[in-house]
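Single-structure report; data block below.
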2 protein chains.
Amino acid sequence: MRKGRPRSFDRDEALEGAIAVFWEHGYDATSIALLTNALGIGAPSLYAAFGDKRALFLEALDRYMRTYGAFTEHALAEEPDARHAVQRLLREAAAAYTRPARPRGCLLITAATNCSPQSADIAAHLREIRAVGARALSDKFAAATRTGQLPPDTDAHALAAFYAAVLQGMSAQARDGATTADLQQIAEAALRAWPQTAGQEAVGSTDAATK
Amino acid sequence: MRKGRPRSFDRDEALEGAIAVFWEHGYDATSIALLTNALGIGAPSLYAAFGDKRALFLEALDRYMRTYGAFTEHALAEEPDARHAVQRLLREAAAAYTRPARPRGCLLITAATNCSPQSADIAAHLREIRAVGARALSDKFAAATRTGQLPPDTDAHALAAFYAAVLQGMSAQARDGATTADLQQIAEAALRAWPQTAGQEAVGSTDAATK
DNA sequence: CTACTTTTGTAGTGATCGTTCCAGAAGTAC
DNA sequence: GTACTTCTGGAACGATCACTACAAAAGTAG
């Protein structure tokens with residue numbers, strides 16, 4: 001066994017608690033006092049176990065992405081059809097963003113939307129991870145366009161930006177109190193915007209195609 | 001003329017500057033030092049002119065809603081057709097959220113997404129204003145359903161939640177660096193989700209209608 | 001037991017938070 | 001000019017920020 005006085009708390013459990021606090025309040029608004037209070041441990045214990053606030057957040061973020069936020073990667077990786085991937089992505093997001101006894105929305109999306117200038121690097125880091133996700137979506141659409149799952153003139157980048165925006169909007173709606181059913185309906189509406197395959201022409205009695 | 005030493009700065013100009021700072025950093029992350037630095041005035045002058053930080057934010061928010069954010073109300077009020085209203089709403093949002101020399105996105109949406117527990121009332125206030133906007137959208141859709149502009153089975157609440165989510169997503173995308181053109185393409189994609197009027201059946205080669 | 005190692009709670013670091021006191025500056029009124 | 005009113009800049013308020021020094025506590029090793 002390890003020498004010295006043993007740690008009085010479970011490190012993984014504490015990290016899980018830190019995820020919840022950062023998820024709820026974001027990076028800047030989460031104070032050390034808020035964390036130590038929620039985790040039931042003293043500040044020196046927290047610093048000894050995780051380093052400083054930034055390191056703790058980054059570790060919490062990493063764990064979040066491999067657990068609560070992993071459904072996005074899974075949907076893209078496990079669904080060969082692009083349409084089904086997006087369908088599953090949106091529907092699972094509707095559930096994930098409104099899970100009971102958990103903070104609303106997505107930590108990656110909301111944790112650093114307003115931050116002070118000295119936390120700008122944290123915001124940039126989250127933005128970069130979001131950009132990677134959007135690029136994965138765009139690549140999926142580009143591949144689907146090449147295999148004929150999407151019309152040849154599909155703008156993969158634009159379509160990925162749309163569904164990324166819908167996810168961010170769903171997260172915001174969840175934070176605003178939307179229910180799971182509300183988010184599911186948003187997801188279904190977003191799926192109606194899926195590009196038409198050849199043979200089916202522009203829908204609706206609209207003049208939307210102005211460009 | 002008024003007695004006493006005259007104010008050395010223009011109050012409206014200072015309020016405009018405060019809008020910019022709150023717009024950029026949000027409520028919590030905007031410190032008084034950040035404000036006095038940006039406005040070029042001392043803290044006592046700011047407090048004498050606007051009260052405390054909360055009152056200044058609320059006044060800045062009010063002015064924002066009657067200027068930069070007024071396009072949303074205008075689109076709904078001035079466009080009799082619901083489809084055209086949403087079309088105008090989304091397209092103007094794409095421009096408004098990426099205006100050069102102005103902060104990205106929407107102050108109403110982003111200014112209090114992560115906030116400390118003691119600013120929870122500010123967050124609740126913004127949420128309430130967003131809810132009023134969503135309800136206005138929903139009412140517009142309900143009226144359009146009654147006049148036949150939308151299918152009789154349209155869920156006005158769900159459709160409003162969708163477009164509200166798209167607006168919030170566009171704001172987030174703008175903050176993530178999206179260009180005006182990017183947002184315009186998101187807007188056009190969202191418009192493709194507009195419900196089909198009678199006679200045109202479910203679109204696409206999908207099995208989306210699982211419910 | 002003693003020696004050693006690591007964690008703990010208390011208390012305190014300097015910095016910054018929102019906010020205000022106060023003395024002097026800058027105007028009007030007479 | 002003097003009297004009066006209002007605003008400004010500097011300095012400071014207590015509270016909180018992220019973070020840590022320190023010594024007692026709690027374990028293992030011998």
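Below, chains carry the letters A, B, ... as their sequence lines are ordered, and counting in each starts from 1.
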### Query
Is there a side-chain contact (heavy atoms from CB on, under 4.5 Å) between A/Leu35 and A/Leu56 once you walk through the steps?
CA-CA 10 Å; A/Leu35 284 167; A/Leu56 171 57; 3.8 Å; yes

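If you find the closest nucleotide of DNA chain C to B/Pro44 and to B/Gly4, the one lying nearer the 5' end belongs to B/Pro44. When the nearest nucleotides of DNA chain D are assigned to B/Phe9 and B/Ala43 by heavy-atom distance, the more 5′-ward of the two goes with B/Phe9.
If you measure from atom NZ of A/Lys53 to atom C1' of D/dT16, you get 12 Å, rounded to the nearest angstrom. Put simply, CG on A/Leu46 is 14 Å from P on D/dC17, counting in whole angstrom units. Rounded to an integer number of Å, the gap from NE2 of B/His25 to C1' of C/dC17 is 16 Å. A/Arg7 has its CZ atom 16 Å from the P atom of D/dT28, to the nearest Å. Atom CG in A/Asp52 sits roughly 16 Å away from atom P in D/dC17 (whole-Å rounding). Rounded to an integer number of Å, the gap from CZ of B/Arg11 to P of D/dT6 is 16 Å.
Judged by the 6.0 Å distance and 45° axis criteria, B/Arg7 is positioned over the aromatic ring of B/Phe9. A cation-pi arrangement, defined by a distance under 6.0 Å to the six-membered ring centre and an angle within 45 degrees of its axis, is present between B/Lys53 and B/Tyr27.
A donor-acceptor pair is defined here as one N or O able to donate and one able to accept, closer than 3.5 Å; such a pair exists between the side chain of B/Thr98 and the backbone of B/Ala94. Side-chain N or O atoms of A/Thr154 include none that pairs as donor or acceptor with a backbone N or O of A/Leu150 at under 3.5 Å.
Just one residue in the list A/Arg11, A/Arg102, A/Arg63 forms a salt bridge (Lys or Arg N to Asp or Glu O under 4.0 Å) with A/Glu16, and that residue is A/Arg63.
Non-hydrogen atoms lying under 4.0 Å from DNA chain C are contributed by B/Thr30, B/Ser31, B/Ile32, B/Ala33, all within residues 30-42 of chain B.
Under 3.5 Å, the side chain of A/Arg5 and the base of C/dT7 form at least one donor-acceptor pair of N or O atoms.
Between D/dC19 and A/Tyr47, a contact under 4.0 Å exists linking OP1 or OP2 to a side-chain N or O. Applying the 4.0 Å criterion to OP1 and OP2 of D/dC7, one finds that B/Ser8 has every side-chain N and O outside that range. Contact check, A/Lys3 against D/dG27: no side-chain N or O comes under 4.0 Å of OP1 or OP2.
Remark: aromatic rings of B/Phe141 and B/Trp194 are close, center separation under 6.0 Å.
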